[in-house]
Amino acid sequence: MDADTSPLAAPPKDPAGPAAPGAAPAVIAGPSAGAKPRLFLTRRIPDPGLALIRDAFDVTGGEEDRPLEREALLRGAAGTDVLLCLLTETIDGAVMDAAGPSLRVISNMAVGVDNIDVAAATARGILVTNTPGVLTDATADLAWALIMSGARRVVEGDRMVREGRFQRWSPFMLLGHDLAGATLGIVGMGRIGQAVARRGLGWDMKVIYTRRSGPLAAGDIPVGARWEHRESLDDLLREADIVSLHVPLTPDTRHLIGARELALMKPGSYLVNTARGPVVDEDALVAALRSGPLGGAGLDVYEREPELAAGLADLPNATLLPHLGSATVETRGRMAELAALNAIAAMRGEPVPHPVNPEVLT
Ligand code: DGY
């Protein structure tokens, strides 16, 4: 996804991170004086976010760390002012209606907001917020863990040793490919895409990228970096040794990488997805991993998460992680804190750090 208008153009920002840097802060009218506003927490979150919301709100829910059943979500949301949710909950119009007219803010502890029907929220005048920025480095690191794993067959090697199949060193055993000097293709050169590209400087990689809003300004490219914009995703796929996806899931990016796109990739190349599963047609990916041209794939997200496409788990050339992109102690703490600060600011009528649909405030 590149070129601003084409579904094959990569957008300029992290999955669903809508607030452009420097955008004017948004405000929502504060609650009436008196009791604390009510907040329904769909699932347990870490401190300092938890402590912040307990201080500012009358909090219900969030006792357990597991996805909430739909019925419990509908019941819990009823009569609340704020819903603080995670990507494991689908927040659609029915949930908003179950919450009723008191619902003012939906604060997602994630940068991606594809679990929320933002249009339905906007139509009801409900502010949606998210947590971009704080998970950039953690996600970029994990994309690199997948790149390294694929290039040097780390997981296959680990499995061989554990299963007692390692006999002795062999000149042909589990040969990977050099990363030094390879071409890294970034689909979606937003915050996370750029962080992945910056890490490629250590391997002197040429980086080619698509970006919905066109080439980066010269000042945004690190000194000495070989970063080149590509107008079309097809050109990037034909040229890159490693393709890493960093686009939000939207109707335009669903199955952005399908059988046609996979067929364009270089023989032996490697696909990494730390964005959202449905950006890739997973059945087509399984076919391409079986019979080429792909050499391998590293996935942190899945089309029907947590289910896997038939045959994917049997493929030795796929490294499969359980959606760990932001899974560090520090990052999850910052995400929870930012989700809390978004909700608190919105209910106090203060500037909201990361509104997704700031138009409801006007
Ligand atoms: C997000 O914030 O969207 C991530 O997928 C969570 O890891």
Side-chain angles (χ1 to χ4, degrees), residues 1 10-19 41-46 49-50 62 65-68 83-91 106-118 121 128-146 186-196 244-251 253-254 256 272-280 282 298-308 319-343 352-357:
M1 93 190 232
K13 54 203 173 198
D14 297 348
L41 177 60
T42 59
R43 185 172 185 163
R44 187 152 59 84
I45 62 169
L50 190 59
D65 175 23
R66 61 167 192 217
L68 200 60
L83 195 58
L84 199 157
C85 54
L86 293 94
L87 56 83
T88 41
E89 282 82 46
T90 298
I91 310 296
I106 300 171
S107 171
N108 208 32
M109 192 187 112
V111 60
V113 288
D114 46 284
N115 58 316
I116 299 173
D117 186 341
V118 177
V128 177
T129 65
N130 70 341
T131 62
V134 293
L135 44 67
T136 299
D137 285 323
T139 308
D141 287 347
L142 196 88
W144 266 94
L146 289 169
I186 303 280
V187 180
M189 195 65 152
R191 294 184 191 87
I192 297 174
Q194 289 179 47
V196 172
S244 193
L245 305 176
H246 301 287
V247 294
L249 176 61
T250 68
T253 63
R254 186 173 291 275
L256 178 67
V272 172
N273 189 7
T274 54
R276 282 292 184 265
V279 173
V280 176
E282 211 167 285
L299 306 179
D300 187 41
V301 288
Y302 304 90
E303 189 172 355
R304 294 169 286 274
E305 202 166 307
E307 283 167 39
L308 305 185
T319 301
L320 307 177
L321 297 181
H323 204 147
L324 294 179
S326 62
T328 70
V329 173
E330 298 82 2
T331 296
R332 287 284 161 79
R334 285 193 290 265
M335 289 167 71
E337 179 179 35
L338 188 48
L341 292 176
N342 276 328
V352 177
H354 291 289
V356 172
N357 56 347

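One-based numbering, in listed order, for ligands and for the atoms of each.
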Original post:
Is there a donor-acceptor contact under 3.5 Å from the side chain of Ser107 to the main chain of Ala339?
Top reply: yes

Original post:
Which pair of heavy atoms, one from Leu245 and one from Val280, lies closest together, and at what distance?
Top reply: CD1-CG2, 3.4 Å

Original post:
Backbone, side chain, both or neither: what part of Arg276 comes under 4.0 angstrom of ligand 1, heavy atoms only?
Top reply: side chain

Original post:
Does any N/O atom on His323 come nearer than 3.5 Å to any N/O atom on ligand 1?
Top reply: yes

Subject >> Donor-acceptor under 3.5 Å (Asp300 side chain, His323 main chain) >> reply: yes

Original post:
When you measure from atom 6 (C) of ligand 1 to each heavy atom in Ala327, Ala275, Ser326, Ala138, which option holds the nearest one?
Top reply: Ser326

Original post:
N/O to N/O below 3.5 Å, does that happen between Gly112 and ligand 1?
Top reply: yes

Subject >> Under 3.5 Å donor-acceptor, Asn115 side chain and Glu89 backbone >> reply: yes

Subject >> Flag, side chain of Asn357 to backbone of Val128, donor-acceptor distance under 3.5 Å >> reply: yes

Subject >> Val301, portion touching ligand 1 at heavy-atom distance under 4.0 Å >> reply: neither

Subject >> ligand 1 N/O within reach of Leu87 N/O, cut-off under 3.5 Å >> reply: no

